[in-house]
Amino acid sequence: FDIISSESYDICQYFNDNFPVHFEYIPNGFYDNGNKKNIEEKENIILTVARIGDIEKANDVMLNGFAEASKVLKDWKLRMVGNINKEFNDFISEYFKKYPELKNRVEFVGPIHDREILDREYQMAKIFTLTSISEGFPTVFLEAIKSGCYIVTSDFGVADEITQHGTLGSIFSTGDYSSCSG
């Protein structure tokens, strides 16, 4: 190999400190074509793009956090884009039994394969959130930042880098839906 790289500074540091091979830090990037909306121009939407219901995505934390936050954020919606894991349908049914008032505010969009349509989802949303237990370096963060979304994420691996130590977003304790809703 001529070069070994990592898009995460912490991972790069770990490998450089623990292995006799040099790793280069090369972060992922994007070009926004000058189309980044200001947060004031966006709708009161919290967006996630993921495999909905997969255990590592902890979407139950997101939904419970939204239920708590919805008491204060009365005119906000949660849009969940992605395939829904079949086993998660029982949780969704129970959730809407417990919170029937949220049925019109939580939208399961399904997968969006058309990049222009997906980009419009990011352009509309004020907040992008991931409640994952663990992740690598999810490109959905870059897509959200490129579109001017404020990031709310659990404290996995690259969360601190992605939010630029809290400048571009907020980090909450993994699995803690009350701090997710704060």
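All values derive from a computational prediction rather than experimental measurement. Quick note: numbers below take in every heavy atom, side chains included, and nothing from hydrogens, waters or symmetry partners.
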Measuring from Ile127:CD1 to Leu73:CG, what's the distance to the nearest 0.5 Å? 7.0 Å
Roughly how far, to the nearest 0.5 Å, is CG of Asn89 from CD1 of Ile52? 11.5 Å
From CA spacing to verdict: side chain to side chain contact (heavy atoms under 4.5 Å, CB included), Arg51, Lys57: CA-CA 7 Å; Arg51 295 179 319 275; Lys57 299 300 181 186; 3.7 Å; yes
Is there a path of hydrophobic side-chain contacts, each under 4.5 Å between heavy atoms of I/L/V/M/F/W/Y residues, joining Val152 to Val72? no
Does the pair Ser170 and Tyr150 meet the rule for a side chain to side chain donor-acceptor pair (under 3.5 Å), with working shown? CA-CA 8 Å; Ser170 301; Tyr150 183 83; 2.4 Å; yes
Just checking, any donor-acceptor pair under 3.5 angstrom between side chains of Lys126 and Asn44? yes
Same apolar cluster (I L V M F W Y, side chains within < 4.5 Å links), Phe91/Val61: yes
For Phe19 and Phe15, take the angle between the two ring planes, folded into 0 to 90°, and tell me which bin it lands in: parallel under 30, tilted 30 to 60, perpendicular over 60. tilted
Do Thr129 side-chain atoms and Thr48 backbone N/O form a donor-acceptor pair below 3.5 Å? no
Do Leu63 and Met80 come within less than 4.5 Å of each other through their side chains, counting heavy atoms only? yes
Quick check: are there more than 12 heavy atoms from other residues, nucleotides or ligands sitting under 6.0 Å from CD of Glu116? no
Distance-minimising heavy-atom pair for Ala125 and Cys149: O-SG, 3.4 Å
Atom CD1 of Ile4 with >12 non-hydrogen neighbours under 6.0 angstrom: yes
Is there a chain of hydrophobic side chains (I, L, V, M, F, W, Y, each step under 4.5 Å between heavy atoms) that links Phe96 to Phe88? yes
Does Glu143 reach the side chain of Arg115, with side-chain heavy atoms less than 4.5 Å apart? yes
As a quick check of understanding, evaluate ring-ring contact (aromatic ring centres under 6.0 Å, His included) for Phe128 and Tyr122, giving each step before the final call. CA-CA 8 Å; Phe128 180 83; Tyr122 288 109; 5.8 Å; yes
Taking atom OG1 of Thr131 and atom CG of Asp60, what is their separation to the nearest 0.5 Å? 7.5 Å
Starting at CD of Glu24, measure out to CD1 of Ile3 and round the result to the nearest 0.5 Å. 4.5 Å
When you look at Asn85 and Ile55, which way does the side chain to side chain contact (heavy atoms under 4.5 Å, CB included) test go after all the steps? CA-CA 9 Å; Asn85 184 320; Ile55 291 171; over 6 Å; no
So, do Ile11 and Phe23 sit near enough that their side-chain heavy atoms are less than 4.5 Å apart? no
Can you check side chain to side chain contact (heavy atoms under 4.5 Å, CB included) on Ser147 and Glu121, steps first, answer last? CA-CA 9 Å; Ser147 298; Glu121 290 287 337; over 6 Å; no
Does Arg79 pair with Glu43 as a salt bridge, N-O distance under 4.0 Å? no
Is Arg105 paired with Asp75 through a side-chain N to carboxylate O contact shorter than 4.0 Å? no
Whether Glu94 and Lys97 form a salt bridge (side-chain N of Lys/Arg under 4.0 Å from carboxylate O of Asp/Glu) is what I want to check. yes
Contact between Ile46 and Lys77 at the side-chain level, heavy atoms closer than 4.5 Å - yes or no? no
More than 12 foreign heavy atoms under 6.0 Å from OH of Tyr14: is that the case here? no
So which atom in Gly110 and which in Val81 form the shortest heavy-atom distance, rounded to 0.1 Å? O-CG1, 3.5 Å
Separation between CG (Leu102) and CD (Glu107), nearest 0.5 Å, reads 11.5 Å
Under 3.5 Å, is there a donor-acceptor pair linking the side chains of Ser70 and Tyr99? no
Side-chain heavy atoms nearer than 4.5 Å, only ILVMFWY residues, links allowed to pass through others: does that put Phe66 and Ile133 together? no
How long is the span from the CD1 atom in Ile45 to the CE atom in Met124, to the nearest 0.5 Å? 4.5 Å
